Amino acid sequence: MLEKAYDPKAVEDQIYEMWEESGAFKPESCPKDGEPFTISMPPPNATGQLHLGHAVMLALEDIFIRFARMNGKRALWVPGTDHAAIATENVVIKKLKEQGMKDPRKELGREKLIAKIAEFVEESKSTIRSQIRKMGSSCDWSRERYTFEPSLNRCVNEVFCRMKNDGLIYRGHRIVNWDPKLQTTVSDDEVVYKEEKSAFFTFKYGPFEISTARPETKFGDKYVVMHPKDTRYKKYKHGDTFEAEWINGSVRATVIKDESVDPEFGTGVMTITPWHDHIDFEIAERHGLEKEQIIGFDGRLLEIAGEFAGMTIEKARPLIVEKLKTKGLLVKVDENYVHNKAVSQRGGGAIEPQIKLQWFIDVNKEIVPWKSKGSKKAANMSLKQIMHSVVHHGDIDIIPDRFGKTYFHWIDNLRDWCISRQIWWGHRIPVWYKGDETYTGANAPDGKDWRQDEDTLDTWFSSAMWTWSTLVDQKKAQDMSLSLKEILEKSPDFQTFHPTAVMETGYDILFFWVARMILMTTYATGQIPFKTVYLHGLIRTRDGRKMSKSDPETMIDPLDMISKYGADALRLSMIVGQSAGADSRLYEEKIAGYRNFINKLWNASRFVLLQCEQAGIDPKTIDKLPENASLSLADRAVLHASECLIEDITKNLSTYSLSEAGDRLYSFVWDYFCDWYLEFSKGTANHAVLVHVLRRILKLLHPYCPFVTEQLWSQVKKTGDSALISETWPKIHAKRKDAKAFADLQILIDVVSAIRKLRTDQNVEPGKEIMVTIVSRGHTGEVLESQEAHMRRMCKVGSLTFTTDAVKIENAASTFLPEIEIHLSLAGLFDADKLKESLLKEQAELTKYVAGLESKLSNKSFVDRAPKALVDEQKSKLAEAEEKLKKIEERMQQL
RNA sequence: GGGCAAUUAGCUCAGCUGGUUAGAGCGCCACAUUGACAUUGUGGAGGUCACAAGUUCGAAUCUUGUAUUGCCCACCA
């Protein structure tokens with residue numbers, strides 16, 4: 001027999017092991033003719049700890065995959081980890097510094113540092129793996145991949161080379177986001193802006209006044225730019241030159257007219273620093289102006305700064321201002337100027353735009369042949385256009401769809417993607433140099449002195465291939481005689497399981513990752529990476545704040561919660577009540593609430609088993625259900641309800657409405673199955689129905705709470721049935737539907753509730769037996785009479801009298817339902833005042849209700865225009881209410 | 001500056017294309033408890049659905065505006 005309370009700790013690990021050993025996670029265990037259904041797990045960073053973001057992702061994907069598996073699909077969930085280039089290198093360098101190394105990059109050199117990082121990653125990976133298991137994730141570990149393993153590296157190199165040959169990857173001097181702290185470039189998406197108050201200076205510059213928050217960049221400024229239509233500066237012509245006294249002496253400056261200048265801002269005139277500002281760079285490009293580097297890659301001023309050369313910006317800024325002031329060039333200072341400072345998302349340091357020789361992906365070159373399903377014909381498109389097309393034409397659905405708009409907006413503003421990074425941990429750029437010669441390929445060409453490009457690729461370059469690079473055959477991927485196309489053709493997994501079914505991830509990486517997977521996969525394979533994108537929101541604290549590592553009070557550690565409440569409870573707490581794309585709040589009481597639910601399910605099952613045991617029946621022998629005709633009212637009603645339940649849950653899960661389905665299951669189990677059906681079953685249990693319905697519940701609930709359902713399944717499954725994970729999804733039996741029985745039982749439930757309320761109103765002592773007289777006619781009367789035993793037990797009623805005639809009532813509390821009068825006799829206990837009070841209250845409510853209905857029904861427009869069924873319904877409701885009101889009035893008179 | 005969303009009970013949230021007297025969980029109050037379950041049961045209190053106008057026979061639901069909050073994008077030198 002089961003323990004009194006469910007103890008997740010005692011069973012979860014064992015069950016997981018059992019699943020894994022049984023091979024149930026592999027698609028090979030699914031029916032051979034099943035439709036493939038694939039999910040690529042967004043690979044957690046190999047360095048990290050499992051956090052709530054991962055937990056919610058794992059829970060959602062596991063539900064999708066288990067549902068698909070139980071529905072006979074060949075379900076494959078590919079797990080893996082990401083080498084997370086910058087993030088990982090940072091973590092390891094930080095650790096090495098803590099261990100006393102001053103500059104690990106210099107001290108170790110490239111080879112050794114990479115080895116150190118690799119070593120560290122291997123350790124962390126096993127932590128992540130075990131944490132993923134703790135969540136109950138049914139992913140195929142035999143297919144686990146890593147973004148930095150040889151087969152993926154091959155894919156990266158192949159795609160890079162092809163893109164370069166197609167002219168989609170180019171190398172050029174462009175302005176990029178330089179992170180002086182991490183000593184690397186970062187992409188536009190890796191720059192975040194922080195509001196900052198800083199001094200805003202206005203200086204004299206020749207005949208003009210110019211303003212800046214960054215005087216330290218101004219050494220080389222020799223262009224003043226203004227709007228061509230600005231009348232204040234009409235007398236200056238484009239190309240005019242003038243002498244201006246400046247920081248280190250006089251400079252010769254040129255007037256430039258450009259429409260990008262806002263005449264309303266400041267003086268309407270600005271000087272430009274093309275080397276260190278995106279906008280200035282564009283202006284300079286437009287007019288063919290000279291560009292000069294002012295700040296070095298180490299963040300210090302260069303020779304051009306004269307006496308300030310070698311200083312950091314922080315140090316130089318006040319000195320430069322001071323110097324300009326003594327020269328009489330400082331006009332004013334606004335100390336309260338608020339501007340957005342560009343900061344590195346990874347390193348947290350300031351971003352310094354720089355011009356640098358870097359590798360880029362051209363997103364505007366229209367040379368890739370593509371045809372969306374929804375579009376008429378194939379055309380040569382740019383990567384940008386393909387990204388737009390597949391979502392626009394519905395090849396890919398985004399849930400929730402409002403993110404489609406955000407996605408399009410992002411694409412419209414997309415610039416060429418800088419893919420090179422000056423770090424060591426990552427896929428090295430497969431380009432080789434020797435003198436003026438360049439060679440593109442994974443390996444150096446024959447001959448001496450070929451040097452490989454020092455840079456590595458943006459980590460998202462390789463993760464962008466995740467859905468398919470994880471499916472290539474690893475051996476074939478090492479065969480250098482094959483092209484990428486041939487490798488794909490000879491990879492059975494790729495042929496079977498790609499495109500994947502659904503990509504489930506946080507909306508915060510829609511641009512970073514989802515968009516880039518679409519870009520890379522359509523280009524490299526000619527296929528979309530996934531059919532559906534399901535985006536989940538951020539998990540926040542109870543008061544809506546972001547959980548952050550720096551504030552441990554607010555952090556909820558999923559592993560703590562699992563050991564405290566079980567993985568099932570955690571999963572439910574993150575899924576039920578949350579909708580796609582919306583942030584949600586999580587706190588411990590919520591998880592505890594779902595733990596209670598799991599325990600409720602446990603005990604309900606325990607009750608069922610106990611009933612079987614007492615009757616000497618082995619639940620495992622229970623197979624077929626008896627015919628409907630031989631079942632009790634409650635049995636038929638619960639079977640009907642369970643048919644409806646299957647319908648709803650199946651529909652909701654098929655449309656990714658997980659919260660609705662979870663909520664429905666929760667209230668079915670607790671409010672219907674436990675509170676009513678099991679109560680009815682006490683004394684007159686039908687073991688076949690009990691076990692049958694419980695089995696269904698376990699199946700339907702399994703995707704949500706895999707552990708507890710699997711454990712209970714082992715107790716109630718039919719001999720010969722497999723583990724629940726591999727069971728088939730329940731089918732609907734139309735024959736078992738019996739809406740009439742369901743409605744009849746509802747009458748009974750209403751009566752029982754009404755009697756309970758009377759008891760409470762009258763303060764009837766617990767355990768005290770009471771007498772009840774029920775007046776009802778026709779079918780209702782028959783139903784009630786047939787359920788006498790149940791009613792007596794559930795209401796703790798001593799004697800129950802049924803009659804079809806009105807009765808004379810004295811010393812009784814009364815209440816009225818449609819077609820039913822209930823009188824509760826309480827010799828010596830009857831409190832007329834209390835009854836009066838509650839009748840008065842009910843009368844008042846009812847009067848209001850009746851008045852509302854009457855005015856509605858006397859409204860001609862309503863009667864004419866509203867659907868007839870609605871009008872009839874309201875009419876009968878009115879009649880019912882009026883009758884009830886009459887009865888209450890009569891009863892009041894008697895008192 | 002541009003865009004997207006949210007505003008319903010003390011708290012966290014449902015409420016689908018307009019139609020019963022607006023729901024749930026937690027919390028609160030009262031009562032119960034050897035019974036599958038105190039990780040429980042029964043009953044209850046608590047909401048003019050942010051505000052205003054409009055469309056409609058009828059609005060939490062549709063339209064417009066206002067306020068507040070949150071997020072994303074751009075970034076003004």
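Predicted model only: the values in this text are computed from it and were never measured. Lettering follows sequence order; numbering is per chain, from 1.
- Within 4.0 Å of A:His278, counting heavy atoms only, lies no atom of the nucleic acid at all.
- At the phosphate of B:G41, OP1 or OP2 sits under 4.0 Å from a side-chain N or O atom of A:Trp670.
- B:U48 and B:G43: their P atoms are spaced 25 Å apart (whole Å).
- Residue-level contact check: A:Asp761 touches neither bases nor backbone, having no heavy atom under 4.0 Å from any strand.
- The separation of B:A14 from B:G1, taken at their C1' atoms, amounts to 36 Å, rounded to a whole angstrom.
- In this model, a donor atom of one side chain and an acceptor atom of the other lie less than 3.5 Å apart for A:Asn177 and A:Asp188.
- Only the P atoms considered, B:A22 is 15 Å distant from B:U61, to the nearest whole Å.
- Using a 4.5 Å cut-off on side-chain heavy atoms (C-beta onward), A:Arg759 and A:Ile770 make contact.
- Rounded to a whole Å, the CG atom of A:Leu878 is 21 Å from the P atom of B:G19.
- Comparing the same atom, C1', in B:C71 and in B:C76 gives a spacing of 23 Å after rounding to whole Å.
- Listed candidates were B:A5, B:C75, B:G19. Nearest to the side chain of A:Tyr193 is B:C75.
- Distances from the side chain of A:Asn413 to the nucleotides B:C73, B:G19, B:A36 place B:C73 closest.
- Comparing B:G19 with B:A45, their C1' atoms are spaced 29 Å from each other, to the whole Å.
- Contact of A:Lys590 with B:U12 (side chain to base): no donor-acceptor pair of N or O atoms is detected under 3.5 Å.
- Side-chain contact check for A:Asp258 and A:His227: no donor-acceptor pair (N or O, by modelled atom type) lies under 3.5 Å.
- Side chain of A:Lys757, nearest nucleotide from B:G43, B:C76, B:U21: B:G43.
- At a threshold of 4.0 angstrom between heavy atoms, the contacts of A:Gly577 are confined to the sugar-phosphate backbone, with no base atom among them.
- B:C16 and B:G27 have their P atoms separated by 28 Å, with the value rounded to a whole Å.
- Counted by atom type alone, A:Asp412 and A:Tyr407 present zero donor-acceptor pairs between their side chains at under 3.5 Å.
- Which of B:G19, B:A36, B:A74 sits closest to the side chain of A:Asn340 comes down to B:A74.
- The aromatic rings of A:Tyr507 and A:Phe403 lie parallel to each other, their planes meeting at an angle below 30°, with 60° marking the opposite boundary.
- Comparing B:G43, B:C76, B:U21 by their closest approach to the side chain of A:Tyr849 singles out B:U21.
- When the nucleotides B:C11, B:G19, B:C37 are ranked by their closest atom to the side chain of A:Arg542, B:C11 comes out on top.
- Side-chain N/O atoms of A:Lys600 and base N/O atoms of B:C37 include a donor-acceptor pair closer than 3.5 Å.
- As rounded to whole Å, 19 Å separates atom P of B:G19 from atom CG of A:Asp872.
- Out of B:U39, B:A5, B:C73, the shortest distance to the side chain of A:Arg402 is found at B:A5.
- Rounded to a whole Å, the CG atom of A:Asp671 is 9 Å from the C1' atom of B:A24.
- Checking A:Cys674 against A:Ser861, the closest nucleotide of RNA chain B that is more toward the 5' end is the one next to A:Cys674.
- Side-chain atoms of A:Lys757 and A:Thr815 form no donor-acceptor pair, as typed in the model, at a separation below 3.5 Å.
- Rounded to a whole Å, the NZ atom of A:Lys682 is 9 Å from the P atom of B:C37.
- In a base pair of the Watson-Crick type (N1 to N3 plus N6-O4 or O6-N4) or a G-U wobble (N1-O2 and O6-N3), with each distance short of 3.5 Å, B:A60 is matched with no nucleotide.
- Going from atom CZ of A:Arg756 over to atom P of B:A32 covers 16 Å, rounded to whole Å.
- As rounded to the nearest Å, B:A9 and B:C49 have P atoms that lie 10 Å from one another.
- Going from the C1' atom of B:G58 to that of B:U40 covers 44 Å, rounded to whole Å.
- Remark: A:Arg585 is in phosphate contact with B:U12, judged by side-chain N or O atoms under 4.0 Å from OP1 or OP2.
- Rounding to whole angstrom units, OH of residue A:Tyr666 and C1' of B:U12 are separated by 13 Å.
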Apply side-chain hydrogen bond (donor to acceptor under 3.5 Å, both in side chains) to the pair A:Thr202 and A:Ser211, showing each step before the final yes or no. CA-CA 4 Å; A:Thr202 303; A:Ser211 302; 3.1 Å; yes

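- Counting non-hydrogen atoms under 4.0 angstrom, A:Glu679 reaches a base of the nucleic acid.
- A:Asp262 contributes no side-chain N or O that forms a donor-acceptor pair with the base of B:C76 under 3.5 Å.
- Look at A:Asn596 and you'll find a side-chain N or O under 4.0 angstrom from OP1 or OP2 of B:U40.
- Annotation: of the two residues near RNA chain B, A:Gln578 and A:Ala881, the 5′-most nearest-nucleotide partner is A:Gln578.
- Between A:Lys877 and B:U20 there is no side-chain polar atom (N or O) within less than 4.0 angstrom of OP1 or OP2.
- The distance between atom CZ of A:Arg540 and atom P of B:C71, rounded to the nearest whole Å, is 6 Å.
- Taking side-chain N and O atoms only, A:Ser579 has a distance below 4.0 Å to OP1 or OP2 of B:A14.
- The distance between atom CG of A:Leu853 and atom P of B:U20, rounded to the nearest whole Å, is 11 Å.
- When each of A:Tyr6, A:Tyr565, A:Tyr666 is paired with A:Tyr594, the ring-ring contact (aromatic ring centres under 6.0 Å, His included) condition holds for A:Tyr666 and for no other.
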